[in-house]
Structures are given as C-alpha cells and as structure tokens.
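Below is one structure, written out as structure tokens; comments come after it.
Convention: sequence-line order gives letters A, B, ...; per-chain numbering from 1. Note that the structure is a prediction, hence the values are computed from the model and not measured.
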Amino acid sequence: MKIKSELSKIIESALINADINAEEIVISDATKPEFGDYQYNGVMKLAKQLKKNPREIATQVLAEIDTTGMISKVEVAGPGFINIWLNNEWLSEQTIAILDDTRVGVGQVEKAQKVVVDYSGPNMAKQMHVGHLRSSIIGDTLSTLLEFLGEEVIRQNHIGDWGTQFGMLIAYLEEQNTDGNTQELKDLEQFYKDAKVRFDESEDFANKAREYVVKIQGGDEHCLTLWQSFINASLGHCEDVYKKLNVNLTREDVRAESFYNDQLPQVIETLKEKGISRVSDGAECVFLEGSDVPIIIQKGDGGYLYATTDLAALNFRDKELNADRICYVVDARQAQHFKQVFSIAKQAGMVKDEVALEHIGFGTMMGQGGKPFKTREGGTPKLVDLLEEAVVRAKDAIKDRDVRSEEELDAVAKAIGIGAVKYADLSISRESNYIFNWDKMLSFEGNTSLYMQYAYARIQSILRKHNAEVTGSIIVADEVEHRLALMLLKFEDTLTKAAIEATPHTITSYLYDVVTVFMKFYELNPILRDDIDEATRNSRLQLATLTAAVIEKGLSILGIEVVEKI
RNA sequence: GCACCUGUGGCUCAAUUGGAUAGAGCAUCAGACUUCGGAUCUGAGGGUUAGAGGUUCGAGUCCUCUCAGGUGUACCA
C-alpha cells in the first residue's frame with residue numbers, strides 16, 4: 001500500500017481545486033500522535049512563493065480535501081501545517097485485503113530497472129575476515145530488497161584474484177602438492193603466512209614466485225591451472241561463509257578482477273584518445289579538476305591499477321549488462337576513489353549520462369571502546385570464527401528456556417546468532433562506524449533481531465493455542481489498533497524508501513516500531529481470554545497474523561530467519 | 001599541507017533530507033502479574049544537538065569561522 005502517494009493525489013487535487021500550483025507534493029509522517037497520522041507541510045513554501053499568508057492558504061486547501069474515503073479528518077495547525085487523520089474503516093478494509101497476500105500488500109515497480117549491486121568482493125589470497133562482513137550483508141539486503149520490489153538485480157562479486165601475491169601462493173601450492181599434502185588450504189591465513197616464510201627464507205623460492213607472476217600473466221598453462229585450483233579452494237571458503245551468513249552469492253555472481261584483464265589496454269586507449277589522460281612522470285595519469293594529485297591508470301612499467309579495473313568494470317556494466325543503476329557497496333573510506341572513477345567513466349562515455357552511479361559507503365566495524373576490531377591475540381578475526389561464536393553464544397542464551405531436542409536447539413541458535421550479527425549491523429545507519437557488542441546484539445530487549453524473533457514466536461504461540469480457522473473482518477476499534485493497522489500498511493512505503501536510499505536501517509527501525517506497537521496492543525487488548533467475543537477475537541487474531549507476516553517478510557529481506565518457538 | 005567525513009542525555013543510536021515541544025534503547029529510579037510466552041508492559045529523571053556567528057516565518061540539518069576526533073591523499077587493492 002503506497003499510502004503517501006495516495007495522500008499526495010488527494011492533496012494534489014485539493015490544491016488544483018483551490019487554484020494553486022505545486023510542483024511536488026511531499027507527505028510526511030506526523031511528528032506526534034496529536035498531529036494526526038500524516039502531515040502536509042508544503043503550504044508554507046507555496047505561501048512564500050505566492051507572497052500570501054500561509055494559514056489562509058492552508059485553510060483554502062483544507063476546504064477542498066476529500067474526506068469521504070481514506071481520510072477521516074484534517075486540520076490546519078501552527079504556521080500552516082495540514083494534519084491528516086486516516087479513517088478506521090478504510091484501515092480495516094485495507095488490512096483485511098492484504099491478509100492473504102504473500103507480499104503483504106507490497107506492490108511491484110511498474111517498470112523494472114536493471115540494478116547492478118557490487119558487494120562482498122573478498123580477496124582470494126586471504127580468508128574472509130570481519131572487514132568483509134558489512135559489504136556482504138548490506139549488499140545482500142539491498143539486492144534482496146530491490147528484487148522483492150520488482151527490480152532486475154544483477155549481483156556482482158568482484159573478487160580479488162589477481163596480483164603479485166598469487167605468484168608466491170601458487171608456487172607454494174605447487175610445493176605442497178608435490179608432497180602430496182593438499183589439506184594445507186584449509187586455513188588460508190596460515191597458508192599465506194607459511195608461503196611468506198618460504199618467500200623470505202629461500203631466494204630460489206622467491207625467484208620462482210616472481211617468475212610465476214609473469215607466467216600467469218603470460219597465460220602459462222601450468223601456472224594458470226595452479227592458480228585456478230587455488231582460486232577454487234579460496235572461493236569455496238567464501239561460499240561456506242555465505243552459506244552460514246545466509247547471503248545469496250553464487251559462482252554465477254562472481255565477476256573477478258581477472259575477468260577484466262584483456263579489457264584494460266582498451267580503457268587506456270580510450271582515455272588517451274579522448275585526451276582525458278596524459279603521461280606524467282612516466283605513468284599514464286588523469287588529472288581531475290580541483291585536484292593536483294593524479295589518478296594513475298597505468299604505471300610506468302606498463303602495469304595497471306585498480307582504478308583501471310574499476311573503469312573496465314563500469315564500462316562492462318554499462319555496455320554489456322545495460323545497467324540503469326550501479327551500486328558499489330564498499331567501505332566509506334573509498335569515497336574519493338569512487339568519486340574519481342565515476343567522474344572519469346562519465347567523461348569518457350564509458351557509462352551513459354543517465355546511469356546512476358552510487359557508492360553505497362559504510363563505516364568501519366569497531367571493537368569495544370571504539371578501537372579497531374581485533375582478536376585477543378591482536379589479529380583480525382576470521383569471519384567463520386565470528387559466526388561460529390555467535391551461534392554458540394545464542395545457544396547459551398536460550399538453552400535453559402524450554403525443553404526441546406538438540407536439533408531444534410541448534411536450528412534456533414543458528415537463526416538467532418546469525419540474525420543478531422546481521423541485525424546489529426543493518427540497524428545502524430550505514431555510514432557511521434559501528435561498535436560490535438555481543439551482549440547488546442543478543443539481548444531480548446531493545447532494537448535487536450531477538451526481540452523481533454521473540455515477538456514473532458509469541459504470535460505463533462497464540463495462533464497455535466487458538467488452533468482454528470480465523471475468519472471475519474478486522475475491526476479497527478481503538479487508538480492502539482488504529483496505530484497498529486496503519487503501521488502494518490506502511491510496509492511498502494518503508495521498503496521503497498530503504499531501496500531508494502539504500503538504507504537497511506530504515507527497515508529495522510520500522511520493524512521495531514511495528515513490534516513495539518504490537519506489544520502495546522497485546523497488553524491492552526486480550527485476544528484469547530474467555531470474555532472476548534468472537535468477532536473481536538477474530539479481528540485481533542487477524543491483526544496478529546498480519547503483524548507476524550510483516551515481521552517475517554521484513555526479516556527475510558534482511559536475510560534473517562524467524563523461528564516458531566524460542 | 002590539501003580534501004572528505006564525524007561530533008546529538010552517562011552509554012549505543014534515530015530524527016522522513018529545512019518543519020511544530022530533538023525521539024528510541026541500554027543503564028538509573030518508581031510502578032503493573034491468580035502470566036493469551038513477564039526475556040513483557042506503564043511511568044519518571046536525564047539535552048544550550050562540540051562552540052561562535054549568519055541565512056528565514058522556522059536550523060541538529062544549509063553557509064562561514066573555531067575546537068576535537070577520524071579517514072584519504074603519484075605508480076598496493
């Protein structure tokens with residue numbers, strides 16, 4: 001239900017009837033319950049343009065507002081706000097209409113955009129660590145969200161599979177293989193360290209490593225085979241993490257750095273031809289306006305840099321993938337890099353003007369005390385370990401709650417533990433740094449996934465207890481039911497906003513509001529108690545059912561599972 | 001040096017992009033139970049939005065300066 005755009009239409013025709021021109025009509029949520037459900041604040045701006053008294057204009061507009069359908073009441077307040085109340089019967093009709101809808105009232109976009117979402121992008125030389133967490137889950141949520149709204153999403157996992165360190169790694173892999181020991185790749189971190197030790201201790205090995213770098217680049221079959229098997233193993237590690245994390249990235253989504261290798265000379269050629277780049281100190285450089293430091297696109301020795309690869313990728317995404325919107329879910333510290341690369345790509349016509357290029361930046365994950373996240377030993381924690389710890393902690397938190405089988409406990413612990421890690425991350429506004437805190441994320445209180453999952457389980461418990469078909473209508477009878485029904489109908493507006501701005505926390509804070517209102521409703525309005533008449537009971541049961549559906553769908557967009565019992 | 005980002009109750013975060021008296025959760029204190037799952041709910045205290053100017057009907061949000069912290073910045077990605 002697109003409530004805001006429905007209201008915009010009503011206000012628009014009121015403005016037309018009042019003989020007033022307005023370009024864009026923005027409806028916002030009321031800031032307080034006394035001010036109604038929604039408000040239109042545009043009159044003040046219009047009054048300024050028309051040089052008239054805002055309250056006078058507001059009164060004129062007010063007289064033209066149609067209050068026969070969704071709106072029950074309107075008023076002029078303050079300097080010229082128009083406050084809007086929605087009709088309870090309208091809320092009843094709308095909520096009952098979406099009760100059997102698997103999309104809980106969320107429509108699909110009329111014209112699908114092609115959206116490329118570039119996220120995760122792990123480096124194949126190393127094990128995934130906590131630094132990859134945010135990109136992976138924010139990007140995945142964004143993808144799921146856009147897909148749900150009907151956009152055509154093309155996921156791109158731009159893995160780092162190219163560079164000098166691979167010479168060392170495959171040389172070491174070869175050495176290990178001849179010993180018949182292929183298990184070494186279990187721990188990439190260790191493998192890397194061991195290879196580095198060999199590199200430092202043996203001149204022969206170091207030379208071989210350097211030689212292998214050149215050979216891979218030259219297309220040497222033996223080396224490429226080694227390289228490929230290394231990448232396969234490393235990618236396998238990533239896939240384990242994705243599976244644990246409930247992140248939807250597959251091999252089909254992998255478009256590695258190396259994929260763009262043969263397009264790099266063309267990128268340089270194009271930039272040279274268009275006069276965008278020039279040689280400086282032996283390197284091919286682009287000097288952007290307002291900056292005296294160049295962006296190097298080709299080193300003095302002929303090698304390419306990541307800006308070059310990114311340009312090739314942009315070109316590919318525009319020309320081959322035909323993207324309308326390209327989102328890079330990458331650490332906020334790379335803001336400048338993307339600004340530059342986007343600017344060059346547009347100047348050079350590698351990306352059409354109308355294509356939206358967005359850097360979806362996010363802040364750094366911090367440990368306690370706001371310092372960089374480290375293990376007790378001072379290293380960077382591996383993502384697998386972190387996720388395993390989350391599940392163990394979740395299990396510990398719920399093990400005394402209820403008698404159940406070990407399998408059940410494991411499944412619930414997994415949903416809760418992983419959900420906690422993801423929710424904690426997604427519920428903070430993307431751009432700010434975020435402080436990782438186990439106790440907070442695994443709390444039943446406050447804005448946590450566990451609180452949402454708990455609310456869902458409670459509703460399921462009520463429905464199980466009732467154990468019968470629920471029919472009849474939803475009667476929005478009092479203030480709290482009004483708020484709950486309206487909240488449930490706001491789902492689509494919320495998702496739309498989150499998709500446009502790429503802000504998952506919009507969804508979490510909405511879900512938190514839904515659950516808070518539901519908890520109030522639940523305290524004030526008993527459902528199954530004996531003295532409740534059947535019509536009321538059915539109405540309340542249906543509101544509860546719909547609430548559960550919104551929670552379930554909302555969490556699933558965040559890649560978080562619900563459980564029937566906690 | 002230059003550029004960008006951040007600064008909101010004790011702590012962790014919001015604030016619909018310039019709207020009404022800046023909202024939540026932790027924590028603190030005070031209440032509610034013969035519990036439809038109390039790991040819940042109700043209420044209270046706690047703020048000069050780092051500071052100073054400015055723009056206007058109206059500023060946490062925009063502009064200028066100052067302070068504090070962070071990040072990036074020529075051949076890594």
So if I take every side-chain heavy atom of A:Ile296 and compare against B:A74, B:A20, B:C41, which nucleotide ends up nearest? B:A74

Taking atom P of B:C76 as reference, at what distance in whole Å does atom CD of A:Glu257 sit? 14 Å

Gap between atoms CD1 and P, on A:Ile297 and B:A77 respectively (whole Å): 14 Å

Under 6.0 Å between ring centres, would you say that holds for A:Phe362 and A:Tyr434? no

Remember a base hit wins even if backbone is also touched, and classify A:His505 as base, sugar-phosphate or nothing at under 4.0 Å, heavy atoms. sugar-phosphate

Regarding the side chain of A:Ile435, the nearest nucleotide among B:U12, B:A74, B:G25 is B:U12

Return the set of residues passing ring pair (Phe, Tyr, Trp, His ring centres under 6.0 Å) with A:His359 (not counting sequence neighbours), or none when no residue passes. A:Phe338

Once you apply a heavy-atom cut-off of 4.0 Å, does A:Asn433 come out as touching a base, just sugar-phosphate, or nothing? sugar-phosphate

Between A:Phe521 and A:Phe518, does the ring centre distance come in under 6.0 Å? yes

For nucleotides B:A68 and B:A50, find the distance between their C1' atoms and express it as a whole number of Å. 8 Å

Under 4.0 angstrom, heavy atoms only, what part of the nucleic acid is A:Ala332 near: base, sugar-phosphate, or nothing? nothing

Taking only residues two or more places apart in sequence, or in another chain, which ones meet A:Arg464 in a side chain to side chain donor-acceptor pair (under 3.5 Å)? none

Between A:Ala312 and A:Leu264 the two heavy atoms that sit nearest each other are CB-CD2, 3.9 Å

When we call it a touch if two heavy atoms are under 4.0 Å apart, what does A:Phe436 touch: a base, just sugar-phosphate, or nothing? nothing

Give one of base, sugar-phosphate or nothing for A:Ala77, where a contact means two heavy atoms less than 4.0 Å apart. base

Is there a donor on the side chain of A:Lys4 or the base of B:U16 sitting less than 3.5 Å from an acceptor on the other? yes

In whole angstrom, give the distance that lies between atom CG of A:Leu305 and atom P of B:U73. 13 Å

How does RNA chain B look in dot-bracket notation if pairs are Watson-Crick or G-U with both distances under 3.5 Å, crossing ones as [ ], other-strand ones as |? (((((((..((((.....[...)))).(((((.......))))).....(((((..]....))))))))))))....

Integer angstrom distance from the P of B:G10 to that of B:G51: 13 Å

Under 4.0 Å between any heavy atoms, over every strand shown, what does A:Ala335 touch: base, sugar-phosphate, or nothing? Just pick one. nothing

d(CD, A:Gln336; P, B:U73) in whole Å: 7 Å

Among pairs that include at least one residue of residues 504-524 of chain A, which meet side chain to side chain donor-acceptor pair (under 3.5 Å), considering only residues two or more places apart or in two chains? A:Thr503-A:Thr506

Describe the nucleic acid contact of A:Ser509 in one word from base, sugar-phosphate, nothing, applying a heavy-atom distance below 4.0 Å. nothing

Taking the nucleotide of RNA chain B with the closest heavy atom to each, which residue, A:Asp301 or A:Lys520, is nearer the 5' end? A:Lys520

Validation: residues 282-295 of chain A side-chain donor-acceptor distances under 3.5 Å, sequence neighbours left out:
{"from": "A:Glu284", "atom 1": "OE2", "to": "A:Ser277", "atom 2": "OG", "distance (Å)": "2.7"}
{"from": "A:Ser291", "atom 1": "OG", "to": "A:Val293", "atom 2": "N", "distance (Å)": "3.3"}
{"from": "A:Ser291", "atom 1": "OG", "to": "A:Val293", "atom 2": "O", "distance (Å)": "3.1"}

Pairwise P distance for B:U61 and B:U6, with rounding to whole Å: 12 Å

Looking at A:Lys497, does any N or O in its side chain come under 4.0 Å of the phosphate oxygens OP1/OP2 on B:U17? no

Answer yes or no: does a side-chain N or O of A:His337 lie under 4.0 Å from OP1 or OP2 of B:U73? no

Selected nucleotide, minimal atom distance to A:Ser429 side chain, candidates B:U17, B:U40, B:A14: B:A14

Counting any heavy atom closer than 4.0 Å, what does A:Gly160 reach on the DNA or RNA strands: base, sugar-phosphate only, or nothing? nothing

Taking the side chain of A:Tyr454 as its heavy atoms from C-beta onward, which of B:C75, B:U40, B:G25 lies nearest to it? B:U40

Taking atom P in both B:C36 and B:C41, what distance in whole Å separates the two? 15 Å

Of the candidates B:A20, B:C36, B:A14, the side chain of A:Tyr522 sits closest to B:C36

Between C1' on B:C41 and CG on A:Leu524, what's the gap in Å once rounded to a whole number? 9 Å

B:C11 and B:G58: how far apart are their P atoms, nearest whole angstrom? 33 Å

Using whole Å, report how far CG of A:Asp29 lies from P of B:A20. 13 Å

According to a strict under-4.0 Å criterion, is A:Lys299 in side-chain N/O contact with OP1 or OP2 of B:C76? yes

Planes under 30° and centres closer than 5.5 Å, is that true for A:Phe81 with the base of B:G19? no

Checking all strands, does A:Lys48 fall into the base, sugar-phosphate, or nothing category for heavy-atom contacts under 4.0 angstrom? base

Give every residue pair that meets the side chain to side chain donor-acceptor pair (under 3.5 Å) criterion with at least one member in residues 118-128 of chain A, sequence neighbours excluded. A:Asp118-A:Arg317, A:Tyr119-A:Asp140, A:Tyr119-A:Arg155, A:Ser120-A:Ser136, A:Ser120-A:Tyr242

If only side-chain N and O atoms of A:Lys32 are considered, is one of them under 4.0 Å from the OP1 or OP2 phosphate oxygen of B:U21? no

Return the value, rounded to whole Å, for the distance between atom NZ of A:Lys339 and atom P of B:G72. 17 Å

Is A:Asn83 side chain donor-acceptor paired with the B:A20 base, going by distance under 3.5 Å alone? yes

When you measure from the side chain of A:Glu445, which nucleotide among B:A24, B:C36, B:A27 comes out closest? B:A27

When the P atoms of B:C26 and B:U66 are considered, how many whole Å apart are they? 41 Å

Separation of the P atoms in B:A3 and B:G46, to the nearest angstrom: 42 Å

Side-chain donor-acceptor pair under 3.5 Å between A:Asn525 and A:Glu481, yes or no? yes

For B:C26 and A:Tyr451 - does any side-chain N or O of the residue sit under 4.0 Å from the phosphate oxygens OP1/OP2? no

Under 4.0 angstrom, heavy atoms only, what part of the nucleic acid is A:Phe35 near: base, sugar-phosphate, or nothing? base

Salt-bridge present (A:Lys4, A:Asp29; N to O < 4.0 Å): yes

Side-chain atoms of A:Lys45 come closest, of B:G25, B:C75, B:G18, to B:G18

What contact category does A:Arg333 fall into here, base, sugar-phosphate, or nothing, at under 4.0 angstrom with non-hydrogen atoms? sugar-phosphate

With a 4.0 Å limit, can you tell me whether A:Ser432 has a side-chain N or O closer than that to the phosphate oxygens OP1/OP2 of B:A14? yes

C1'-based separation of B:A15 from B:G23 [nearest Å]: 7 Å

Without decimals, in angstroms, what is the distance between A:His359 NE2 and B:C5 C1'? 12 Å

Side-chain donor/acceptor of A:Glu564 to backbone N/O of A:Tyr456, under 3.5 Å: no

Any Lys/Arg nitrogen of A:Asp493 or A:Lys497 sitting under 4.0 Å from an Asp/Glu carboxylate oxygen of the other? no

Given the 90°-from-0 boundary between syn and anti, B:U16 should be labelled anti

